[in-house]
Amino acid sequence: MIAKIEGFCDFDDDVCVASNMEGGKHLVLVASPFQGHMTPMLQLGSVLYSKGFSITIAHTKLNSPDHANHPEFLFLPLSDNFLAIDASANFTKFLELLNDNCRMQLQDRLTQKIQQANHQIVTIIHDNSMYFAEEVARNLNLPSIVLRSCSASYMPAFLALPKLHADGLLPVQDSMLQKLVQELYPLRYKDLPFNNTCTEISKEMLALSERIRTPSAIIWNTMDFLENSALTKLQQHYQIPIFAIGPLNETARCQSTSFLKEDTNCITWLDKQAPRSVIYVSLGSLATMDENELAETAWGLANSKQPFLWVVRPGSVKGSEWIEFLPYGFIEETRGRGLVLKWAPQKQVLAHTAVGGFWSHCGWNSTLESISQGVPMICQPFFGDQYVNSRYLSYVWRVGLELECLERRVIVTAIRRLLVDEEGEETRKQANNMKEKAKYCLCKGGSSFNSLNNLVEFILADCNWS
Ligand code: UDP
C-alpha cells in the first residue's frame, strides 16, 4: 500500500473530496509507468486543473508518482503485480499484462464512484500504452481521449511499418541504412522506428496500438509550427480532433515528476561555470550502454576540454551498479571540469545559462525541453521514435547535430562544434529561433494556446463536436 501523506487524499478518501471536487467537472487521467509517459500526463493534469477541472490520476503502483508533489490531484493507485518494468524480455507482453491487470480495478472503482454520484466524471484521458482505459470508458459510457507523448512525425513512420514489412524491407539491411524511404521523406531507413529490432516486435507494437479503437480525440504534446505536416497527415488518418497543445513542460506548473531523486547540487555547480560552456549529457530513463560505449563517452567528454554534466543512471551501464566501469584516469583527468550524477533536475539544468548544449537520446520530452530552452543538441538515438526525432532535429529543424558513431574523436568534434566552433553558429542561432517560436505558440492567440482552449470546450461539450 502507498503510505498516506498528510494533507493528501487518495481516491477512496471521501473526506478529502471537498475543495477540488465539489461541482467541478472531473477528469480521470490514466498514466503509464514509464517516466517519459508519466511526466507529460502529470503535466497535462496540471494544465487541465488550471482550467477548472478536478483531476484524478489513475496510475500503476509500479513507478507511482510522488503524491506529495501534486496536492491538487486525487490519486487512484492500481495494483499491477509488477515489481519493476520488465521490458527487456518481452516488451509487448509486459504491456499486455499491465493492461490486463489494471482493467477490472479501474472499472470497479469508477463504477463505485459514479454510483455514489458525488463524482461527476466527464471524460477519461489515457496514455496510449494504457489502452485498457478505453474499454473501461466504453463500458461506463464515458468518452475517452488519448494522450500521445511521442512526436507527431514518428507516427507516419510507425504506421508505414506494415507496408515496409510486406515489401520485405524490414529489418533494414546494412546496405539500405543511408537511403531515403520514398514515402517518408526526409527519413532514411536508419531513421525508421524499430529499424534494428526483429520484425515480430514492430508487428506486436502495431497490434497493441490498434487496441485503441474509438477515442473521441487525441491530445498531442507538440507544436503546430514544428510538426504541421505530420499533424495534417494524422488528422487525415484518424479523422477525429487532434489537439496539439505542447510543449506541456512549459505550460504545466507542477513540481518534480521524476521517479528517481533529482540531484539538485548540480545547480550550484552550474552556477560556477561560464555562460553556455557546459555540455549536459543524459540518455533518458531507459537507454542503456555497454562498458566500451561508456569508455568512449567518457574519453570524448574528457578530450573535448569543455565542462560537462553527465547523468549516468544506476544500472544504465550493462552489468554495473553505477559508475564502477568508468575508465581508469577519467576522474583525475576531468576533476573540477565535470560532474557525474545519477539523475538531474533536467528542466532546471536546461534552463541554466551555463548550459550550452545537450547530448541526448532524443526522447520526445527531452527534445521539447531542449527546444523550449533554446539549447542545441547532439543526437544519439537508441530506439523507437528517437531515430525519427533525431533526424528531424538535425536535418529539418536544424537545432541538432547527428552523432555519426560513438567514438571519442567523433564526440570531441561534435561537442566543440556545438558549443564553440564557428561551424556550429548556425545551429546555435536556430536553437534560439526555435525557442522564440515555441514561446509564441503558448501566448494568447498562439496555436497551442488556442488548441488548449478548444480542448477544454470539446471536453465541456461531452467530446461531441459536430
Ligand atoms: N529526466 C530528468 N533527469 C534526468 C534525465 C531525464 O528529469 O537526469 C527527465 C527529462 O526531463 C524528461 C524525462 O526524464 O522529462 C525523459 O523523457 P524522454 O521522453 O526524454 O525519454 P525516455 O526516458 O522516455 O526515454
Side-chain angles (χ1 to χ4, degrees), residues 31-46 63 65-66 69 85 87-88 91 95 127-130 147-154 193-194 220-222 246-252 254-267 269-270 278-289 297 308-317 322-323 338-352 355 358-373 375 377-390 392-393 400:
S32 149
F34 294 94
Q35 181 70 72
H37 290 233
M38 176 63 76
T39 293
M41 188 58 91
L42 292 171
Q43 291 168 339
L44 176 66
S46 157
N63 286 346
D66 184 345
N69 282 344
I85 288 184
S88 55
F91 183 70
L95 274 185
D127 184 275
N128 67 295
S129 65
M130 305 301 269
L147 170 65
R148 299 282 340 194
S149 48
C150 59
S151 60
S153 305
Y154 158 70
F194 310 107
W220 225 294
N221 187 17
T222 190
L248 286 165
N249 52 288
E250 286 297 296
T251 32
C254 50
Q255 290 189 47
S256 168
T257 56
S258 289
F259 298 141
L260 295 175
K261 187 172 167 9
E262 294 175 354
D263 181 348
T264 48
N265 291 328
C266 65
I267 301 297
W269 182 84
L270 282 173
V278 175
I279 178 84
Y280 168 60
V281 190
S282 165
L283 305 176
S285 62
L286 293 170
T288 55
M289 56 168 65
T297 304
F308 63 85
L309 186 63
W310 182 12
V311 176
V312 182
R313 258 180 17 254
S316 64
V317 180
W322 188 35
I323 50 172
L339 200 61
V340 180
L341 69 172
K342 291 180 178 168
W343 192 253
Q346 182 165 300
K347 270 179 64 181
Q348 265 176 281
V349 166
L350 290 170
H352 199 287
V355 173
F358 180 14
W359 174 357
S360 169
H361 68 308
C362 307
W364 188 237
N365 294 288
S366 295
T367 299
L368 288 177
E369 289 159 14
S370 210
I371 287 177
S372 310
Q373 293 302 332
V375 178
M377 295 168 81
I378 291 175
C379 305
Q380 185 197 356
F382 282 74
F383 49 77
D385 65 331
Q386 298 160 15
Y387 294 110
V388 176
N389 302 343
S390 167
Y392 273 80
L393 280 162

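As the structure lists them, so they are numbered: ligands from 1, and atoms in each ligand from 1.
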Would you tell me whether Q386 and S390 have side-chain atoms, one donor and one acceptor, within less than 3.5 Å of each other?
-> no

Would you name the heavy atoms of W220 and A152 that are closest together and state the gap between them?
-> NE1-N, 3.4 Å

If every non-hydrogen atom of V311 is compared with every non-hydrogen atom of K342, which pair is closest and at what distance?
-> CG1-O, 3.4 Å

Closest approach of W343 to K261 (non-hydrogen atoms, all atoms of both residues) | CB-O, 3.5 Å

For L283 and Q380 the tightest heavy-atom approach is CD2-OE1, 3.8 Å

At what distance is the nearest protein heavy atom to atom 16 (C) of ligand 1, and which residue and atom is it?
-> S366 OG, 4.2 Å

The atoms of ligand 1 lying under 4.0 Å from a heavy atom of G363, numbered in the order shown, are 18 (P), 19 (O), 20 (O), 21 (O)

among protein heavy atoms, the one nearest atom 11 (O) of ligand 1 is E369 OE1, 2.6 Å

Donor-acceptor pair between S366 and Q346 side chains, under 3.5 angstrom = yes

Should H37 be listed as contacting ligand 1, given a heavy-atom distance under 4.0 Å as the test?
-> no

Any side-chain heavy-atom pair of W269 and D263 under 4.5 Å = no

Atoms in ligand 1 flagged as close to W364, the criterion being non-hydrogen separation under 4.0 Å | 19 (O)

Tell me, which protein residue and heavy-atom name are nearest atom 19 (O) of ligand 1, and how many Å apart are they?
-> N365 ND2, 2.8 Å

Is the closest heavy atom of F259 to ligand 1 under 4.0 Å?
-> no

Which residue owns the protein heavy atom closest to atom 21 (O) of ligand 1, what's the atom, and how far is it?
-> H361 NE2, 2.8 Å

Minimum heavy-atom distance S370-M377, with the two atoms named | OG-CG, 3.4 Å

Ranked by distance from atom 7 (O) of ligand 1, the top protein heavy atom is A344 O, 3.3 Å

Can you find an N/O atom of Q346 closer than 3.5 Å to an N/O atom of ligand 1?
-> yes

Please report which non-hydrogen protein atom sits nearest to atom 24 (O) of ligand 1, along with the residue it belongs to and the distance in Å to one decimal place.
-> G36 CA, 3.4 Å

Any idea which atoms of ligand 1 are less than 4.0 Å away from a heavy-atom of G284?
-> 23 (O)

Can you list the ligand 1 atoms lying under 4.0 Å from a non-hydrogen atom of Y280?
-> 4 (C), 8 (O)

Could you say whether the N/O atoms of S285 and ligand 1 ever approach to under 3.5 Å?
-> yes

Between D385 and S151, is any side-chain donor less than 3.5 angstrom from a side-chain acceptor?
-> no

If you have a sec, work out which protein heavy atom is nearest atom 1 (N) of ligand 1 and how many Å separate them, to one decimal?
-> W343 CZ2, 3.2 Å

Work out which heavy atom in F358 is nearest to a heavy atom in V375; give both atom names and the distance.
-> N-CG1, 3.7 Å

Of the backbone atoms (N, CA, C, O) and the side-chain heavy atoms from C-beta on, which set of F382 has a member under 4.0 Å from an atom of ligand 1: side chain, backbone, both, or neither?
-> neither

Looking only at protein heavy atoms, what sits closest to atom 13 (C) of ligand 1 is Q35 CG, 4.1 Å

Counting from 1, what ligand 1 atoms have a heavy atom of S258 closer than 4.0 Å?
-> 7 (O)

Any sub-3.5 Å donor-acceptor pair from R313's side-chain atoms to A287's backbone N or O?
-> yes

